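Structure first, then comments.
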Amino acid sequence: MDWGLKNRIARIISPADNKALMLAVDHGYFLGPTEKLEDLKKTIAPLAKHCDSLMITRGALRTSVNPDYPVPVVLRVSGGTSIIGEDLSQEDITVSIKDALRLNVAAVAMSVFVGSKYEYQTIVNLGKLVSEAEEYGIPVLAVTAVGKEIGTKDARYLSLACRVAAEQGAHIVKTYYCENFEKVVKSCPVPIIIAGGKKIPEKDALKLTYDALKAGAVGVDMGRNIWQSDNPVAMIKAVHSIVHGTNNVEQAFTLYKQLSGKPNQKSNNNKPNQKSNNNKPNNKPKKRN
Ligand code: 5RP
């Protein structure tokens with residue numbers, strides 16, 4: 001593998017333990033001002049030092065992340081649709097490799113919509129992006145999008161989507177955790193990172209992290225379950241204690257409670273944020289997780 005490519009991957013997946021903690025803050029690219037991510041600077045600043053890399057768009061990066069702070073960047077370079085548009089799967093590449101290089105990224109990321117009306121377009125775009133990015137030693141992270149009209153979060157669909165992305169040359173694949181996740185990992189020849197998904201109680205999100213890693217994921221790219229938590233810094237530290245430490249779910253949840261100043265809090269008192277993604281209009285039933 002080319003030195004630059006290897007070096008960039010090492011900024012995302014730590015060579016010390018082969019694990020990765022990415023903080024996802026790219027939701028605005030199709031959701032707009034997602035709850036608790038309305039003020040990007042305020043959300044990102046206290047969390048950036050606790051993650052290995054930041055998954056973000058170029059607009060958010062330029063406006064809301066201090067360039068003096070050396071957090072590795074996984075730049076989302078796909079987009080083109082919004083939550084109120086016709087079809088969320090109709091994405092294209094929206095950022096040039098030149099711009100990604102100017103932003104000194106560790107990787108570029110794009111979504112593939114396997115099984116959707118636009119699967120051909122997004123899969124071909126992935127292949128082209130890999131060819132272009134590899135010229136400069138930039139790794140590509142493929143995000144396997146799921147949604148009502150696309151595919152369900154089960155091992156059969158996710159194995160297919162991850163494998164298709166890897167066969168196009170993606171260096172890392174981001175997908176969702178599911179039952180029999182070992183199957184998804186086993187049939188994907190590149191490292192897999194899981195997305196957190198919708199806000200769930202903290203203990204459940206920690207269990208998701210633990211189970212995914214146990215099943216072979218190299219890490220998480222977590223957004224809402226961190227910054228929509230009542231205590232985002234405590235939550236990212238608890239996730240970190242599983243990803244890069246040896247904590248199990250109970251230990252990580254205890255750490256979360258201690259850091260939140262609520263050592264006696266029960267997990268079932270910790271309800272998910274009911275208003276997650278409340279910027280979705282009611283008349284549009286389609287959604288992505
Ligand atoms: C948005 C994304 C997010 O980066 C991904 O879903 C991770 O965030 P979350 O943990 O909130 O699901 O790709 O399209």
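The figures that follow rest on heavy atoms only: side chains count, while hydrogens, waters and symmetry mates do not. All ligand and atom numbering here is 1-based and tracks the order in the structure. Keep in mind that what you see is a predicted model, and the values were worked out from it rather than measured.
- Residue Asp221 touches ligand 1 through backbone and side chain together, judged by heavy-atom distances below 4.0 Å.
- Interface of Tyr29 with ligand 1, defined as ligand atoms under 4.0 Å from a residue heavy atom, comprises 14 (O).
- In this structure, CD1 in Ile242 is found 8.0 Å from CG in Asn248, a value given to the nearest 0.5 Å.
- Put simply, no part of Lys199 is less than 4.0 Å from ligand 1, judged by heavy atoms.
- Any N or O atom pair closer than 3.5 Å counts here, and Gly197 shares at least one such pair with ligand 1.
- For the pairing with Leu54, the side chain to side chain contact (heavy atoms under 4.5 Å, CB included) check across Asp221, Ile44, Val74, Asp26 returns one residue only, Ile44.
- Here Asp211 does not pair with Lys214 in a salt bridge; the nearest charged N to carboxylate O distance is not below 4.0 Å.
- Below 3.5 Å of separation, one finds an N or O of Arg224 facing an N or O of ligand 1.
- Each of the following atoms of ligand 1 lies closer than 4.0 Å to a heavy atom of Arg76: 2 (C), 13 (O), 14 (O).
- Between the Ser187 side chain and the Lys183 main chain, a donor and an acceptor come within less than 3.5 Å of each other.
- Contact annotation: for Lys174 versus ligand 1, heavy atoms closer than 4.0 Å belong to the side chain alone.
- Across Asp99, Val105, Asn104, a single residue satisfies side chain to side chain contact (heavy atoms under 4.5 Å, CB included) together with Arg102, and that is Asp99.
- When the options Asp26, Thr34, Leu23 are ranked by their closest heavy atom to atom 2 (C) of ligand 1, first place goes to Asp26.
- Proximity to Met222 (heavy-atom distance under 4.0 Å) selects the following atoms of ligand 1: 10 (O).
- Looking at Val143 next to ligand 1, no N or O pair under 3.5 Å apart turns up.
- A donor-acceptor pair is defined here as one N or O able to donate and one able to accept, closer than 3.5 Å; such a pair exists between the side chain of Thr34 and the backbone of Gly32.
- Atoms of ligand 1 lying under 4.0 Å from at least one heavy atom of Phe30, given by number and element, are 14 (O).
- Interatomic distance, CD1 of Ile236 versus CH2 of Trp227, reported as 12.0 Å (0.5 Å rounding).
- Exactly one residue among Val218, Val185, Val173 makes a side chain to side chain contact (heavy atoms under 4.5 Å, CB included) with Pro191. That residue is Val218.
- For the pair Thr43 (side chain) and Lys36 (backbone), a donor-acceptor distance under 3.5 Å is present.
- Within the 4.0 Å heavy-atom criterion, the part of Tyr176 lying near ligand 1 is the side chain and not the backbone.
- Near Gly223, meaning under 4.0 Å from one of its heavy atoms, ligand 1 places the atoms 8 (O), 9 (P), 10 (O), 11 (O).
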